[in-house]
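Reading through the structure tokens given below for one structure.
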Amino acid sequence: MDIANNFKYDVKILSIFPEVFPGPLGVSLIGSALKKKIWNLDIINIRDFAKDKHKSVDDTPYGGGAGMIMKPDIIGLAIDSLKDNRSKRICLTPRGKVLNQDKVKELSTEHGLILLCGRYEGIDQRVIDFYDFEEVSIGNYVISGGESATFVLLESVLRLLPGVLGGNETLNEESFSDKDLLEYPQYTKPRNWNGIYVPEVLTSGNHNEIKNWRDKQRIEITKSRKLDT
Ligand code: ADE
């Protein structure tokens with residue numbers, strides 16, 4: 001990705017609830033990066049491609065069963081309208097492979113992303129296969145639809161784009177980016193809060209000791225918390 005050449009990381013979101021976007025993607029560092037055109041956001045309302053007067057986007061499942069399935073013909077029209085064969089296609093679903101930091105890094109090197117937000121009982125499998133969508137889950141639990149999952153995925157990916165994080169945030173020491181260790185605990189002023197003091201080593205000014213303490217904390221905290229990766 002080359003900012004000098006005005007190259008944008010291109011994000012297109014297909015949803016039946018376009019009004020929820022940009023939501024958290026429009027604030028803070030990621031929101032500023034959007035304004036600076038480091039990345040680009042297009043929201044596509046799947047319902048705009050519905051053909052009947054009720055603007056239906058779902059129908060009953062073949063073979064019976066509960067709930068409704070998102071229709072392939074309508075989603076197909078929405079995808080075709082993008083005329084984009086360069087971006088990676090991701091479908092947010094609890095059936096997908098669970099997102100982790102390695103996957104996040106990989107996605108941040110793509111030309112861009114087309115994100116399909118599932119709703120109801122799911123999406124007709126033919127759309128997923130035909131358009132080669134990769135199914136991604138944000139965790140082993142079920143939420144109401146892919147929109148919140150899209151926020152999670154994009155917040156993790158977009159912050160890795162060159163130029164998104166400011167000087168106060170750094171990528172190299174935080175959880176999962178370095179040797180899969182979690183972060184050490186952080187403290188700020190006041191030094192004495194409710195009689196609880198900041199660990200003395202942090203106020204010692206001895207950079208070697210501080211680094212050793214922090215490294216040790218990272219190892220201990222990683223060991224003591226079961227990592228669900
Ligand atoms: N839609 C519903 N639950 C989800 C999950 N866990 N991950 C991604 N999309 C979802």
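Since this is a predicted model, take the numbers as computed values, not measurements. Start at 1 and go down the list; that is how both ligands and their atoms are numbered. Side chains included, hydrogens not; waters and symmetry mates left out as well; all remaining heavy atoms used.
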Just the distances, no angles: every ligand 1 N or O to protein N or O pair closer than 3.5 Å, one line each.
{"from": "ligand 1", "atom 1": "3 (N)", "to": "I143", "atom 2": "N", "distance (Å)": "3.0"}
{"from": "ligand 1", "atom 1": "6 (N)", "to": "G139", "atom 2": "O", "distance (Å)": "3.2"}
{"from": "ligand 1", "atom 1": "6 (N)", "to": "Y141", "atom 2": "O", "distance (Å)": "2.8"}
{"from": "ligand 1", "atom 1": "7 (N)", "to": "I138", "atom 2": "N", "distance (Å)": "3.0"}
{"from": "ligand 1", "atom 1": "9 (N)", "to": "T93", "atom 2": "N", "distance (Å)": "3.2"}

Establish whether Y9 and V152 are linked, either directly or via other cluster members, by ILVMFWY side-chain heavy-atom contacts under 4.5 Å. no

Using atom types as modelled and distance alone, determine if a side-chain donor or acceptor of S28 lies under 3.5 Å from a backbone N or O of I30. no

Verdict with reasoning, Y131 to D80, per side-chain hydrogen bond (donor to acceptor under 3.5 Å, both in side chains): CA-CA 10 Å; Y131 289 102; D80 291 344; 2.8 Å; yes

For K55, is the NZ atom crowded, meaning more than 12 foreign heavy atoms sit under 6.0 Å from it? yes

Rounded distance [0.5 Å steps], CD1 in I46 versus NZ in K71: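 Reported to 0.5 Å precision, the distance equals 13.0 Å.
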
Looking at L154, I114, L116, which one forms a side-chain contact (heavy atoms from CB on, under 4.5 Å) with I13? L154

